[in-house]
Structure formats: structure tokens, C-alpha cells
Amino acid sequence: MTKLELGAWGLVLALFGAEVGLVMLRPWDHHVALSLSGSHTSGLVSANRSPAASVTPSAAGKCPDVVVRRVEQLHTIPRSAWVHASDGVNVRAAPSSSATRLTTLATGTQLNLQAEQTNPDGSTWYRIRLSDGRDGWLSGRYTTNYPLSLASTDALKIWLPAGYQFQSVAPGKAEAHYKNGPMTLLYVESGAKDQAPAETMVPAGLPPRSAWTARPTERALVGDLPATDRVFGIRLAGSACAALVHEVRITTAARYYDLIFLLDEPSSSVVAQLLDSATVQ
């Protein structure tokens, strides 16, 4: 073997040894493989920052699933959408709230969006084709890009992402679960207004209120009823999983309704959509 050949082999061995050393010194390669295999699914979101529809609890059982389950439509045109306003949405002859009203579509109606326009005031409008062949426009404020289904208790009706339904857990108390799964999206308690507790009761399974971290409070409307949406950051007991709690109290002349939503942070905007669809007796 010539000196040139010996030098070449020496270079190959040196490079191989360096690569082995790098593999031993870069443990993040292993963690990347874990996250891709689903061991950190609570952090998985789709490209548009919405939770992936197929996200499931951690394979290792370390992280409870607080992801709102919904099948998102891609933000393209054309695409499907659904009406979520509690009293329906007006379809108008032009993309303006002052334009002639052509019809009103009920909550839950599936739409086929044909075009999109953003007005100078920042509002987004979508063009659709009605069953009679006319084209009309509706406000994007009252649409979702995931399918909805009606869920109800004895006194509350709300359109939740498809697959969620209420289960009664005690008189005046119900929980909304996804296809009877273990994780809860929405806790509801209601009763006579004069019997309303001074503070919303914390459901079993959530950390005590003293461990909640306050986030900015938001104003909300449930139908025509004003409500306060108090937002908190929490960590679920026995895990390092971060979650959000949205706490909403609604009162009528005779009743009170306490709603507690449990969800992941990228889903926070879903609460406003769900409240838009709610009606109380």
C-alpha cells in the first residue's frame, strides 16, 4: 500500500471517529425521534397553528390530552365552513352589513366558500352560492372551519365541534366529552339565580383555584346576554401539561350558568366561537 493510500485511509478513519463522537455528544437527535413518534403530542399543531385532528394522549401516559378535537379545513378557497351564530347569519347581496339581506342561514349550516374579501375595516367576508342560484356574502365572524354538532343540557344549547356530547354527572351539572372519552372540554353547572355560588365551583380533576394563573379577562356575548370570560393558565395535576381554563358566568332573570372550558392554548379562540352559538333558557 502506497503512502498516498495510507493517508487516505487515515483520513477516512479520522472522519468516522469524529462522527461517532458527535453522535455521542448530541442527545437531541434522540429527542427529535421521540417527538416525531408522538411522545410529545400535546405540542403538535398543524401549519396554521390549529391542533392536529389526530392528536392523541402521550404514548407514555405522561401528558393528558387537552387538545380540542376538531377536523380543520385548510385555509384555502374554495373550502367548507359552518355557521356558528346562535341566531343564524345574514347573507347579503354585497360584502357589507348595510347591503340588502338575501336570507338568513341557521346555526350549523354547512357552507361552500367561493371567494374571500377583506374590507378596509379589517372584516372578512365570504361569497357563497345559495340554493336558488344567487350569490351572496356573509361575515366570516360567524363561521368556523370545522364541523359542528348540537349539544344540550336541560337548559343550555351550544354547538360544539362534531363528536362532543354532554353527559349528566349530577343534578344541574354536565360535562361535554369527545365520543365518550375521558377528557372534558366543557363543564356546565346551572341553577336558580338566587342560589348561585359567589364563585364558580372548581370541577373535580382540576387543580385548586389558588394554583390558577390569571390571564387577560375578555368580554363575551351569549346570544344577547353579556358575560365575562375569565382566562387562567393551569397545569394539570400529576403532569407538566400546560392548559387554559376559560371561566364564564351567564345570568338570566331566573337562572345562572357557570361554564368552564378546558383546552390547550392554540384553541383559545374556539371559546368565542362556541359562546356565539350558545342559547340559554
Side-chain angles (χ1 to χ4, degrees), residues 51 57 64-71 82-87 106-108 144 146-209 212 218 220-232 234 236-237 241 243-264 267-281:
D65 185 3
V66 294
V67 174
V68 177
R69 294 181 177 274
R70 62 193 192 276
V71 180
W82 288 262
V83 175
H84 71 75
S86 60
D87 53 357
T107 310
T144 67
Y146 52 88
L148 304 167
S149 60
L150 180 62
S152 59
T153 68
D154 59 343
L156 168 74
K157 292 183 179 181
I158 187 169
W159 288 76
L160 300 178
Y164 284 94
Q165 286 297 323
F166 280 114
Q167 300 173 5
S168 177
V169 296
K173 295 183 180 182
E175 298 176 0
H177 295 259
Y178 181 78
K179 295 183 177 178
N180 297 317
M183 296 305 299
T184 305
L185 165 63
L186 173 59
Y187 302 86
V188 176
E189 179 175 335
S190 63
K193 182 178 180 180
D194 58 4
Q195 296 178 2
E199 197 169 55
T200 303
M201 302 297 292
V202 176
L206 296 187
R209 187 177 293 276
W212 297 12
E218 303 170 8
L221 276 176
V222 181
D224 294 329
L225 299 172
T228 300
D229 179 7
R230 302 173 63 201
V231 187
F232 301 88
I234 67 169
L236 297 180
C241 292
L244 285 184
V245 162
H246 285 249
E247 181 184 53
V248 180
R249 170 165 286 184
I250 308 160
T251 56
T252 66
R255 297 182 64 86
Y256 78 93
Y257 302 83
D258 285 337
L259 283 62
I260 289 184
F261 296 87
L262 174 65
L263 62 172
D264 59 323
S267 297
S268 184
S269 62
V270 172
V271 173
Q273 296 172 342
L274 302 186
L275 291 177
D276 274 345
S277 76
T279 56
V280 296
Q281 296 179 0

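Only this structure's heavy atoms are used, side chains among them; waters, hydrogens and symmetry mates stay out.
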Novice: Quick one: does His84's side chain have a donor or acceptor within less than 3.5 Å of a partner on Gln273's backbone?
Specialist: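 Looks like yes, one N/O pair under 3.5 Å.
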Novice: Just so I know, are the side chains of Tyr256 and Ile250 near enough to count as touching, which here means a heavy-atom distance under 4.5 Å?
Specialist: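 When only atoms from C-beta onward are counted, Ile250 and Tyr256 do not touch, as no gap falls below 4.5 Å.
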Novice: Is a side-chain donor or acceptor of Gln165 paired with a backbone partner of Ser149 at a separation under 3.5 angstrom?
Specialist: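 The answer is no, because no donor-acceptor pair under 3.5 Å joins these two groups.
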Novice: Do Val280 and Leu225 make a side-chain contact, defined as non-hydrogen atoms from C-beta onward lying under 4.5 Å apart?
Specialist: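 Touching, per the 4.5 Å side-chain cut-off.
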Novice: Taking the side chain as C-beta and beyond, is there a heavy-atom pair between Leu274 and Leu160 under 4.5 Å?
Specialist: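 Of all side-chain heavy-atom pairs linking Leu160 with Leu274, at least one is under 4.5 Å.
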Novice: Could you check Leu244 against Asp264 for side-chain contact (heavy atoms from CB on, under 4.5 Å), going step by step and ending with a plain yes or no?
Specialist: CA-CA 6 Å; Leu244 285 184; Asp264 59 323; over 6 Å; no
Novice: Carefully, step by step, assess Leu259 and Leu275 under the rule side-chain contact (heavy atoms from CB on, under 4.5 Å).
Specialist: CA-CA 10 Å; Leu259 283 62; Leu275 291 177; 4.1 Å; yes
Novice: To the nearest 0.5 Å, what is the distance between OG (Ser168) and CG (Asp154)?
Specialist: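 Reported to 0.5 Å precision, the distance equals 8.0 Å.
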Novice: Tell me which pairs pass ring-ring contact (aromatic ring centres under 6.0 Å, His included) where either residue lies in residues 168-209, with sequence neighbours left out.
Specialist: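 Sorted result for residues 168-209: Tyr164-Tyr178.
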Novice: Would you say Val68 and Phe261 make side-chain contact, with heavy atoms under 4.5 Å?
Specialist: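 Heavy-atom side-chain distance check fails, nothing below 4.5 Å.
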Novice: Can you confirm whether Arg70 sits close enough to Ser267 that some side-chain heavy atom of one is under 4.5 Å from a side-chain heavy atom of the other?
Specialist: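 Yes, side chains in contact.
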Novice: Within the structure provided, determine whether Val245 and Ile260 are in side-chain contact (heavy-atom separation under 4.5 Å).
Specialist: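 When only atoms from C-beta onward are counted, Ile260 and Val245 do touch, with a gap below 4.5 Å.
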Novice: Roughly how far, to the nearest 0.5 Å, is the OG atom of Ser268 from the CG atom of Asp229?
Specialist: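 Asp229 CG to Ser268 OG: 7.0 Å, rounded to 0.5 Å.
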Novice: side-chain contact (heavy atoms from CB on, under 4.5 Å) between Thr144 and Trp82: does it pass, once the steps are laid out?
Specialist: CA-CA 5 Å; Thr144 67; Trp82 288 262; 3.7 Å; yes
Novice: Any non-hydrogen side-chain atom of Leu185 less than 4.5 Å from a side-chain atom of Leu262?
Specialist: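 In short, these two side chains do not touch, never coming nearer than 4.5 Å.
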Novice: Is there a donor-acceptor contact under 3.5 Å from the side chain of Thr184 to the main chain of Leu186?
Specialist: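 No.
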Novice: Verify, without hydrogens or angle tests, whether Trp159 (side chain) and Pro147 (backbone) share a donor-acceptor contact under 3.5 angstrom.
Specialist: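 Here the side-chain-to-backbone pair does not exist.
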Novice: Please assess Thr251 against Tyr257 for the test side-chain contact (heavy atoms from CB on, under 4.5 Å), listing each intermediate value before the final yes or no.
Specialist: CA-CA 6 Å; Thr251 56; Tyr257 302 83; over 6 Å; no
Novice: Using atom types as modelled and distance alone, determine if a side-chain donor or acceptor of Thr107 lies under 3.5 Å from a backbone N or O of Ala85.
Specialist: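 Yes, the answer is positive, given that a donor and an acceptor are paired below the 3.5 Å cut-off.
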Novice: If I take atom CE from residue Met183 and atom CG from residue Leu263, how far apart are they, to the nearest 0.5 angstrom?
Specialist: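 Result: 11.0 Å between the selected atoms.
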Novice: Any non-hydrogen side-chain atom of Val222 less than 4.5 Å from a side-chain atom of Ser86?
Specialist: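 No, side chains not in contact.
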Novice: At their closest point, which heavy atom of Trp212 faces which heavy atom of Pro207, and how far apart are they?
Specialist: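 Taking Trp212 first and Pro207 second, the nearest heavy atoms are NE1-O, 3.0 Å.
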Novice: Does anything in residues 245-255 pair up under salt bridge (charged side-chain N to carboxylate O under 4.0 Å, His left out), and if so which pairs, sequence neighbours excluded?
Specialist: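 Non-adjacent pairs meeting salt bridge (charged side-chain N to carboxylate O under 4.0 Å, His left out): Arg209-Glu247, Arg230-Glu247, Arg249-Asp258.
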